[in-house]
Amino acid sequence: MAEDLVLDRAIRDWVLIPLSVVMVLIGFLRYFVSKLMRSYQTPDRKVLKEGQVVLRARNLRVAAGFIPTKSFWSRRVYFTNEENGLLHVPKEQAQNPQAQMFSDPNMAMDMMKKNISMIVPQTLTFTWVNFFFSGFVAAKIPFPLTHRFRGMLQNGIDLSTVDVSYVSGRSWYFLNLFGLRGLFSLILGEENATDDAQRMMQMGGFGFDPTKSLSAEKDSLDIIQHEWILPKMEKRAEDVLKKLLK
Amino acid sequence: MVGAEEAARLDRLEIQVENGGGGAWEYLCLVRKLKPRRSDKVLKHGLAILNDPKARSNLGGEEWTLYEQVAFAAFDCQQHNVAKVFSLSLPLPLHMCDCVAVLSKEFPGSLRVGRLEGMLLEAENSWAEAEKVYARLLEDNPLDQIIYKRKVAIAKAQGDLKVAVDFLNKYLEIFMSDHDAWRELAEIYVSLQMYKQAAFCYEELLLSQPTVSLYHLAYAEANESQCIEYSGFIILLFLRFLLTAFIEQVLYTMGGLENLLTAKKYYASTITLSGGKNTRALYGICLCSAAISQLTKGRSKEEKESSDLPSLAAEALLRDYKYRAPKKLPLLNSMLKNMKLSS
């Protein structure tokens, strides 16, 4: 089964390299188009304030030992108070963030734009690859794979006896799709719209969810036991001075 | 945060540029990044670049940033009409009004240029006009931090500290993790002698940046001043209500004592953070200990003053003065003796 197929050098010249070049060019195109189409999102006052509140509450939690106990308690009540505490979100307001997302026209437009700029080129390129670069062996993968990958990587090669390491153009396309991300971040700088994989991962978490972060901060603030570390400082100051005066 | 390396590089570049070596543009970029306030140098070298058409075209798109930077420097130096002319062949932006005019021609209706116009009016002391400009900008961009801060600056420059406090409070309601704003508010409160509120602001600063010794020191001083406030109260009340004053005196003294103890702890933490070099903190410790022992003279319960901290602090002070200001040593000696005697 494991005969060595000899692959023509012409495959490299006419399949692998052009495919990579085309993908890079499409990436550039998408980057510039996304720059043109990017809409300036005015920051929402409520969202901004909540972000700042979370920061402040986090500071309080982290550095609680540095302020006297009474101040800490008064601040904690200010944040977690049941009636008008900053971090307290009454049950009615805790809407489903998804519903909120779709009701806000701006956000929906934004999401659509992002999706379009991502999905359409991918689909087109995929179709193009399938049309031109299927039906023959394009490359050999250096490590062995199981038979399950046959369907994905060997489209068009209808011989079941060919080793799964020999793949068609489609697999080269996938390889490029994920691999060129690093290249793009080198060339185009950090923020580029070609981070497809990242986008796909982000599709799960729908945008900024203030409710959850506020209640998370509130819970962690509620748990804290305040321990004032300043009394130890007096001892430490003594040591420092003693060392200094030696 | 400015690293030591970059600060050294800035100084080096400054010397180089002053002595006629090249690198003015690099110097200006570094100044823009690190934000030290070297307005006269920026003005001089910035204008030199702007007035030289070849250097100006070399900058390309950065030219406008340079205009903005020179405008800021001119506001700071109050150069309503900048005098030096370096080349007479082209219509050159000499005044700061010209800088702003050039920018507003290029970017009409822009927020940044609007801010510059407001600042121009501020620099010329036309406060009402400046406020109008800022109000207009705020309508379009209700969440711009810098405009809020400019409004506070106008109020402060007019000497209207209560209004400034008001504005700052409103700003901090939205942007509550802006530690610069908290710091400004704390300083205003201290100048208004509202020490309790100042202490609150310093607490916020301590929470966000607990390792900055400056904030510990300032908090300690705010606490100590609070105690003095209380003592002032004591005298007043004692003169008016005799018996009730006695009880209240105890309470206030308790309040004062607590504040003093807190202050002492924070002076100690300042010493720890600054490695014992902070003279104000050393003084603070000596004063606090003396005041505490005075307050607890009659009572026998607080007998935990067994630490050597005051004496150590006094010794450190003496050594410091011996090194740096030996002429003032006798003053220090007499003051310390007084404190030791009375405690």
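In what follows, every chain begins at residue 1, and chains take the letters A, B, ... in the order their sequences are listed.
Annotation for W228(A) and K265(B): closest pair CH2-CD, 3.8 Å, computed over non-hydrogen atoms. Here the shortest heavy-atom pairing between A63(A) and L206(B) reads CB-O, 4.2 Å.
In this structure, OG on S71(A) lies 15.5 Å from OH on Y202(B), to the nearest 0.5 angstrom. Atom-to-atom distance recorded for R56(A):CZ and D178(B):CG is 12.0 Å, nearest 0.5 angstrom. Distance check, rounded to the nearest 0.5 Å: CG of L273(B) to CZ of R236(A) gives 8.0 Å. For the atom pair N59(A) CG and E204(B) CD, the distance stands at 8.5 Å (nearest 0.5 Å). Taken from CZ in F66(A) to OH in Y266(B), the straight-line distance is 8.5 Å, to the nearest 0.5 Å. In this structure, the separation between CG on L312(B) and NZ on K242(A) is 6.0 Å, given to the nearest 0.5 Å.
Looking at L282(B), only its side chain comes within 4.5 Å of chain A, counting heavy atoms on both sides. With a 4.5 angstrom heavy-atom cutoff, A313(B) touches chain A via backbone and side-chain atoms both. Within the 4.5 angstrom heavy-atom criterion, only side-chain atoms of R75(A), from C-beta onward, approach chain B. Heavy atoms of F200(B) lying under 4.5 Å from chain A belong to its backbone as well as its side chain. For E173(B), the part lying under 4.5 angstrom from a heavy atom of chain A is the backbone only.
Within a 6.0 Å radius of CZ in R61(A), other residues, nucleotides and ligands contribute more than 12 heavy atoms. Counted within 6.0 Å of CZ on R32(B), heavy atoms from surrounding residues, nucleotides or ligands total more than 12; the atom is thus considered enclosed. Shown here is W128(A), whose CH2 atom has more than 12 heavy atoms of other residues, nucleotides or ligands within 6.0 Å. The neighbour count for E106(B) CD, taken as heavy atoms of other residues, nucleotides or ligands under 6.0 Å away, is above 12. Other residues, nucleotides and ligands place no more than 12 heavy atoms under 6.0 Å from the CZ atom of R112(B).
A salt bridge does not link K70(A) to E203(B): none of the charged nitrogens lies less than 4.0 Å from a carboxylate oxygen.
By number of non-hydrogen pairs under 4.5 angstrom with chain B, the leading residue of V62(A), L60(A), L230(A) is L230(A).
Each of L261(B), T262(B), N259(B), N223(B) was evaluated against P68(A); a single residue qualifies, T262(B), per the side chain to side chain contact (heavy atoms under 4.5 Å, CB included) test.
Between M176(B) and V53(A), some side-chain heavy-atom pair lies under the 4.5 Å cut-off.
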